[in-house]
Structure formats: structure tokens, C-alpha cells
Number of protein chains: 2
Amino acid sequence: MSQAERTMEKPIVATMIGDPGGVGPEVAVKALATGLPSQTSRPLLIGSVAAVERAIGYCGLGLRARPIAAVAEAAFQADVVDVLDPGLLAPHEVTVGQPSAAAGRAVRKWLDLSTRLAERGDVDAWIMAPIDRASLKLGVGMTDDDEAGPPGTFLLRTSGKLRVVPMSEHISILDVPATITRERVLALVCLVHETLERWGLRGPRIALAGLNPHARGNEERNAIGPAAQTARERGINVEGPISPDAVFRQCFEGRYDVVVSMYHDQGQIALKTTAFEGACSIYIGLPYVHLTVPHGSAMDIAGRGVAQHAGMLAAMTTAAALAAGRFTMKG
Amino acid sequence: MSQAERTMEKPIVATMIGDPGGVGPEVAVKALATGLPSQTSRPLLIGSVAAVERAIGYCGLGLRARPIAAVAEAAFQADVVDVLDPGLLAPHEVTVGQPSAAAGRAVRKWLDLSTRLAERGDVDAWIMAPIDRASLKLGVGMTDDDEAGPPGTFLLRTSGKLRVVPMSEHISILDVPATITRERVLALVCLVHETLERWGLRGPRIALAGLNPHARGNEERNAIGPAAQTARERGINVEGPISPDAVFRQCFEGRYDVVVSMYHDQGQIALKTTAFEGACSIYIGLPYVHLTVPHGSAMDIAGRGVAQHAGMLAAMTTAAALAAGRFTMKG
């Protein structure tokens, strides 16, 4: 196949089903059943084919799960869900609605497999459905922060027209000011600019939030303002520091494509208080396209077919757009 | 007049017109022209009768301004606006749309007069229309924080069903953690509880925000959690610490009557990103009812009759409800 032919093809978007005892399998199959992901991508799942079959069953969907042993075996046929299943989990090992060591061990390996496939270019993008901290702790003793992502990465979160990338994730407010240096702010602004351009958005309009009330303080003068100035001298379309209580509204209203926020809650309060349907989270700083959904494994409602799949559907369609370089940031 | 007869009367709500060069006079007369404030209160204005007449003129309202020299002279008649004018400002001294020393000096005295009338009980509540920092600086050299209010007070801000009282106003993020002590959090929770009860809301449901992401940190363990526990032991209906990115949404959804937030931007981001019409700000910790509106003097649009009066109208009707002890917190 020629390079031109390959480029014309729809991107392969793999979704790792997340914890097989949680809502991951059901939101994945419900999103696929809408038929929308296959319009712009070649979708497949990674995980347990038994868990996928079970989810199709209790959601009452007209789909069939088809086990495959390699991405190359995927057929991408209508109403058939290709599931890359390395056979790590026997059906009886997982009870829907309960964390388990077996699920934790399997998820750990599915994560590694998904990353490897993306790094090798076997898939063009991969999505992580909700994993479960309790299962991972039982299975592999993992206790690190499940939201933080790989080192050197940042999370771009979307909700409607609002898009936010914070400078840090789960660190205490006491430790936040020390992280606001000119170098770090500038590096993130440059990374956001380059990433959005790679995804297909030319000259993205970046808003830089201040740290303090009304963006008046030492960090604005000594770090955020100078970083914005240097970024502008490099041709980046960035404004700021902007008052934290105004900037998110301005992004919602279409004045900016994305906000670089100074700490986790600054953006999360804006995102979660407005809480539009179809929010998703995109990793920045990776050599491949990788997304997740902004909800947990929700063991308490798993297995009843009631979990909302809007976030997963947004992740699947957004992943396809990013991988194809046609991300328009339309809200 | 007997005490019972006085209690039956509608409360007197005075509105200081704010900077006579800003939008204060026009939002005040437009709010009065709706006829709603006089349904639940006896409204009057404090300031320059000339400025009020001018605002009535350029807003094209069917009202008449009537100068009075004391509250006792107010007649509270339909379509007549009683203006308590101590005669500090000649009409030619102020140009609409421009700050001035004369306006700053007059505003400083109108503020003192309003406070004195409220302290003496001559008025049951008073509202501050937007003052102007530039005028005050020109007129009286004032440079302090115009949002902070008198010492020992806190601002309860409303927007739709969301109501927030922050632990502090304009202090830097670096200085925030030191303000989060068990004693200070407990004192504010108790003050909010007592104030809402006095306004007529029995057993208000108070949400206490955490400081750190997902409310997990030292301040939650050592200060916020213990303060909530002690408050509950005193019979106060308080929950927390609650994750800062979840608590404001929960208040919007009706689960709580009010959120005590840990710093200015935490609540302001939620309030301003959602930005419902008719937001107002209520001082807590004063022996009388005192409100303000959450917008500035807006010199750039003053004099054209285009300023939105929804915030001022909300302040006037809310002031009447608080003074009458029938604040229901309906959103």
C-alpha cells in the first residue's frame, strides 16, 4: 500500500475496555453501537472478549464480539466488535460490580499492550476506559495517581467549548506556587501550541490563566507574564495572564481555543460546575494520540446498562479527528 | 406605632447610587421602574438627586425624582423616587462616563451616611451600587480593596441556586493555606449558620469545600475536617470537606443552601463561569442587612441606558427578603 493510500484510510482507534468489573465495557459497546465511531475511524477494543460479550448482553445491543489475536486480524465489519484479547482473564475470574486482583493484573497488561501498539504505530490512537484503583491495588499493588498519566504529559480536558490544560494535577495548593516558573509555563504553552497544530488546528488561540485573584500577584509579574511575552515573540497566539474567574467563561464564549490553567482545581471547577455531556480528556506530550474519559469505573452501577456513554463516544470521535489531523475545536 | 404594627410594615431598603458618573444611578432607577422592589419594600435612594434625574431621563423612564433631607420625609409613592440627598455635589461637577474627585468625595460621604442610617435602624437594609476606585483615589486618596468590605465581614455571593462565602478575598494563593485553620473555618461556618437563620432559613444546609484536589490534604485533615466535626456537634447542618470540583455543582443541584469556600477564586470560578443573571453579593457579619452588586461602575457604557439592571433588582428584592426574615434561598 502506498503512503497516499494509507493516509486516506480512516485511523485505527483502539479502546482498552478498562476494569472488566466496571462500566468500561458497557460504555465502550454502547458508544460503538451508535455507529458514529466507525464513520470516521476503524474502531477495535482491547481486553476480555467475555467481558465485552457480557456487556453487549446486558445492554441489549445488536452487536457481536469477535476475538482477534493481533490488530492485523481486525475486520472492522458493521455490527461486529473486534476485541484484541491476549487471553489473560478467565470469564469466572471477574464479578461485575466488584474490584478484583485478576482484573487488576489483566488491566495492567492491557495498558502495556495498548501503549506498545500505539508506540509501534499499529494503532493510530488509543482510549483508556475507566480503570479501578482497588483492582490495581489488589492485583499489582499500584498506588500511584491514576489521573496523572505518564511523566512529562499533561491532560487537556474538554467540556463543550471549554478546553483546559493544567500545569499540574494532584498536588496540594501549598505546593502550587513553586511550580509556576517562567520556564515551566513557557514549556507548557509551547507544547500546547505544537500539539494543537499537529492535531490540525492552525494558530490556536491560547489563554493563559493567572494564579492569583484578578491575575494580580508575584507569579503573574515574574513568571506567567514573561512566559506569555516570550511565547508571543516566538509567534504563538497567547494572551495572559487573565483573571482566573473570567478566563474560562471567555473560552466558553469562543474567544480562545484552550486555556492553560495554573493548577488542577482552577480548571476542574469550571469544567465540572458546567458539566456538559460528552466531556473527554486528551493526553498532551505523547508521541501518539491517547485519550481517557472523565469518569471512574462506577462499580456501583456496573452491569445494569445505565452508564452514560456520551464521554466515551466523544473520546472515540475526538481520537479519530486528532489522529487524522482534522481537530477543529468546534464546541 | 406599636411594635406589631412596625413589624407588619415593609422594610425600608436604601440604595446608595454609587459613583454618579457610572452606571449606578441608571441600574437603580431601572430596577425601581420595574415596580417589583416596592411590592416587598419601601425603597429609597441615597445620593445626588440631579444624577438620579439625569439617569431617569436617558433611560426614558416614567419616574420622577423627589429630594428629601431625612428618611422620615420619604413618601414611597408610586412612580416617585425619594432621593436622600445631603447636597454634596453640584450637577456640573460630574460628567457621566468619567471618574472625578468630586464624585469620589461625595461617594465617601454617602457611604458613611448609609452606614450610619443602617446602624441607627433608620433603614432596614442598604445596597451599595457600584463605586469607582479612580474617583475615590482622586477624591479621598483611597487605595484599599473595594471588594473586601468592613473588617470581620465576609461576602456571600449568589448566582442562580449557587451561593458561596469564601474564607478570604484578594490574597495570593501562596498565602491561602495559612488562613485555613480549624478556628477560622469553624468561626465562619458558625457565622454563616447564624446569619442564614436570622434571615429566616432554619437549619441551613452548609457545604464546606476542601482546599486541595479531591479534598485530600493536610488542611482537610488538620483544620477543615475537625472544624466540620465540631460544628456538627453544635447542631449545625454542615458536610465536608467536599472535593472543590464537585461541591459547587452539588449546590446548584439543590443539595446545599450555601458553600463555604476556602479562597476567592474557588467560588468565583464557579459563579462567573456559570454567570446567571441577577447575581448579587450580601455582606455577612454586620449587624444590619447590606448588599452590593457584582459588577463595576462600567464608565465605558454609562449614560446610554444600556446597563443591565438584573443584579440591582436581585439586590433590592433580596435585601427586602433578608430584612423581613423570609429568605428562603429559592434559586
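Below, read A as the first sequence line, B as the second, and so on, with proteins coming before strands; counting in each chain starts at 1.
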### Task
Using a cut-off of 6.0 Å, state whether more than 12 heavy atoms not belonging to B:Q250 lie near its atom CD.
yes
Between B:T273 and A:R249, the two heavy atoms sitting closest are O-NH1, 2.9 Å
What one should report as the nearest heavy-atom pair of A:K272 and B:D245 is CB-O, 3.1 Å
Expected contact set for residues 177-193 of chain B against chain A at heavy-atom separation under 4.5 Å reads B:P177
Applying a strict 4.5 Å limit to non-hydrogen atoms, the region of A:Q266 in contact with chain B is both
field: Aromatic plane relationship, A:H214 with B:H264 - under 30° parallel, 30 to 60° tilted, over 60° perpendicular
entry: tilted
Honestly, the part of B:E253 sitting under 4.5 Å from a heavy atom of chain A is neither
What one should report as the nearest heavy-atom pair of A:P213 and B:E169 is CG-O, 4.1 Å
If one checks every heavy atom of A:L271 against chain B at 4.5 Å, the contacting part turns out to be neither
Rounded to the nearest 0.5 angstrom, the CG-CG distance for B:D265 and A:D265 is 11.5 Å
Would you say A:N212's side chain and B:I173's backbone share a donor-acceptor pair under 3.5 angstrom?
yes
